[in-house]
Structures are given as C-alpha cells and as structure tokens.
Amino acid sequence: MLEISLPAHPPFSLAEVAESHGWVQLPPFEWHADIGLLSRVERLSSGQVVELRVCEHSDGVQVEVADELLQAEEQEVVDKVDWMLQLDQDLSPFYILTRDEPRLAHLEQAAKGRILRSSILFEDVVKTILTTNVQWSGTIRMVASLVDGLGSRLPDEPSRSAFPRPERIAEADEAALREVGLGYRAPYVLELARSVASGARDLEGLKSTDIPTDELRQRLLTIKGVGDYAAASLLMLLGRYDFVPVDSWARTMVSREWYHGEPVGDAEVQAAFEDWGAWKGLAYWFWDWR
DNA sequence: TTCCAGGGGTAGA
DNA sequence: TCTACCCATGGA
C-alpha cells in the first residue's frame, strides 16, 4: 500500500473539485460523496493498471495505491493527480473580483473554482466530443462503453477499466466504434486517436502555458468534432477562461436571466460575461442562477 | 410521433 | 462570414 500526501493551494475542497462538473460521473472516475473518496482507474506509462484512491487530507489530498510502484511510477501518479485536481491553482485574483458580485461572492469561502480534468488531454477531448449534440445520459453511455470495450482492465477488479489509450482506439475500425455507440462521432474519435498515436498531433503539448489562448483555441478547432463549444470547454479545462462554452443550458439561463426568456444566440451569452475578461468562462461556470 | 440534446462538418452563397 | 442541411441515437 502506497500513501502519498499532496498539498493544495488554499482554499481547497476535494468535493468541490469532484462536483465541479459532470466528468466525475464518467468512468474511469468514481465519486463516493458519502465518504469523500474520488477513485479512478489509471493505466501508467509502464503498462501497470492501478486504482488511485484520493481523499481530502489536512491541507490537500492523500492518494492511496494498493500496488507497489517504482519511483518513476509514483512520480507519474503525483503528476497526474496534481494535474487532475489543479492542486496548485491560485484563484485569488478571481476571488477578489467575485467579492462584488452576489452571484459569485460565495466561491472563495466554499473553495469553488477548480475544475476536474482527466489525466491526459486526449481523454478530455474525446469526452468533450462525446458531449456534443447528445443528452448527458447519452454521453455517459458512450463513454462507459468506450472504457469497458477498449480500456485496460484493473487486475483486481476487472469490471473496471482505465480510459483507452489513443493507440488502442487507433487500432479499432470505424464500424467497431459505431457499434460501441458513438454514432456519427466515431470517425472524429478515430481520426483523433490515430493522429495522436502516430505522433502527428501532440495534445499533451497543448497544456503548456506558453501558448497564447487564441492560438491554443485555433489549434483545438483543427480537431474534427471540436467546434466553438467544445473548444471553449477544453480551454476551461486548460485553465483558460476567455470564452464561455455556450450550449443549450447556457442559452436557456442567459435568456431567462437577462432577455426575458427571448431566444439568445452565442454572441449574447458571451456578451453577458464580457466584463469578466480573462475570468469569463469561470464566472459563467460557477454563476449562481438561483 | 416528433423534437432535440452539454454541436459540428460541409457545401454553397 | 453566414445559412441550410445533414449527422446517430435515445429521452422526453
């Protein structure tokens, strides 16, 4: 049994990160709210498949892994948990701004503001593509069958699997992915997996904070299946909050809040949060619509 | 049965 | 740049 303690930049709440959006409902994440346990099956680069069990602990989290790990594997676990939970995220400039906005003033006290993300960007891009033009229940179904069908299984609990590697998806053919239930999104996911597996596309490199946001957005938009909504969502996951991910929910809420229920377009939604500048997406995401 | 979802690609103006 | 049309699939 390996136990690792990791500090987080305060304020921090594991529950708030876990419940920051729907990702926690998608495998290989599992969230046990009653005991505050975030679990996730992860395939390490060595090939070993492990379960990461994360609990809140003093000023951060404690990560438990049942297996013996090499030093390099342990470091990989640390890096991945740090990335997924945004442990070192400092939102104090945003919190200062929220103090004058009643709909957001509670965020700092509640330690809200971090957004849960997957260990590698490939997984987040695939999942985001699988949220488009489908109800949330459909996204859960597609991700679950993709993970169960192509993911590496956890040895001690074979009903659970890691998210499939790009190389594994790249080996599949389009018909198989359609059969898994991806429908017309199958060729998008396949093309992405093949380009990442071949090295033609470096998604992990997009995590670099050196890339200007507009350039980053343009690069995300070159992925088939990623449009304005998906790009904005992914920018949020990359810590760039300059765009609101406008979906049917956003249009409904902005319409109700500021347009007397009249239908609104993407431009109206973006404009509604324009004053928040570089924090626009975050202000939208955590807005208390009441 | 029709409509639409946590939209996006493509063709044609 | 903007619009119309198409895309698989399951809830509502």
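Labels below follow one simple rule: chain letters A, B, ... track the order of the sequence lines, proteins then strands, and each chain is numbered from 1. Predicted model, so just to flag it, every value in this text is computed and none were measured.
- Across all strands shown, A:Leu26 has no heavy atoms under 4.0 Å from either base or sugar-phosphate atoms.
- Using modelled atom types and a 3.5 Å distance limit, the side chains of A:Glu101 and A:Trp276 yield no donor-acceptor pair.
- Atoms NZ and OG, from A:Lys80 and A:Ser45 in turn, are 6.0 Å apart once rounded to the nearest 0.5 Å.
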Quick one: side chains of residues 278-290 of chain A, donor-acceptor pairs under 3.5 Å with protein atoms, not counting sequence neighbours, listed by atom name and distance.
| residue | atom | partner | partner atom | Å |
| --- | --- | --- | --- | --- |
| A:Lys280 | NZ | A:Glu274 | OE1 | 3.3 |
| A:Trp285 | NE1 | A:Ser20 | O | 2.8 |
| A:Asp288 | OD1 | A:Arg290 | N | 3.1 |

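- Using a 4.0 Å cut-off on heavy atoms, none of the residues of residues 110-125 of chain A approach DNA chain C.
- If you check residues 176-186 of chain A against DNA chain C, the residues with a heavy atom closer than 4.0 Å are A:Arg178, A:Gly183, A:Tyr184, A:Arg185, listed by number.
- Remark: A:Lys127 is not in phosphate contact with B:dG6, judged by side-chain N or O atoms under 4.0 Å from OP1 or OP2.
- Within the structure, every pair that satisfies the side chain to side chain donor-acceptor pair (under 3.5 Å) test and touches residues 246-256 of chain A, not counting sequence neighbours, is listed here: A:Arg251-A:Asp266.
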Nucleotide N/O to protein N/O under 3.5 Å, stretch nucleotides 11-13 of chain B:
none

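- Contacts between residues 264-290 of chain A and DNA chain B, defined by a heavy-atom separation below 4.0 Å, involve A:Trp285, listed by number.
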Output the pairing pattern of DNA chain C as a dot-bracket string, 5' first, Watson-Crick or G-U wobble with both distances under 3.5 Å, | for cross-strand pairs, [ ] for crossing pairs. |||||||.||||
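- Salt-bridge check for A:Glu123 with A:Arg40: passed, with a basic side-chain N closer than 4.0 Å to an acidic carboxylate O.
- Taken to the nearest 0.5 Å, the OG1 atom of A:Thr128 stands 6.0 Å off from the CG atom of A:Leu237.
- Listed by first and then second residue, the salt bridge (Lys or Arg N to Asp or Glu O under 4.0 Å) pairs that reach into residues 187-214 of chain A are A:Glu204-A:Lys207, sequence neighbours excluded.
- Residue pairs meeting the salt bridge (Lys or Arg N to Asp or Glu O under 4.0 Å) criterion with at least one member in residues 22-39 of chain A, sequence neighbours excluded, are A:Glu30-A:Arg160.
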Atom pairs under 3.5 Å, N or O on each side, protein against nucleotides 10-12 of chain C: can you list them with distances?
| residue | atom | partner | partner atom | Å |
| --- | --- | --- | --- | --- |
| C:dG11 | O4' | A:Gln135 | OE1 | 3.3 |

Show me the donor-acceptor pairs, under 3.5 Å and distance only, between side chains in residues 59-73 of chain A and residues at least two apart or in other chains.
| residue | atom | partner | partner atom | Å |
| --- | --- | --- | --- | --- |
| A:Glu73 | OE1 | A:Leu70 | N | 2.8 |
| A:Glu73 | OE2 | A:Ser46 | OG | 2.5 |

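- In the region residues 225-235 of chain A, proximity to DNA chain B at under 4.0 angstrom, judged on heavy atoms, holds for A:Gly225, A:Val226, A:Gly227, A:Asp228, A:Tyr229, A:Ala230.
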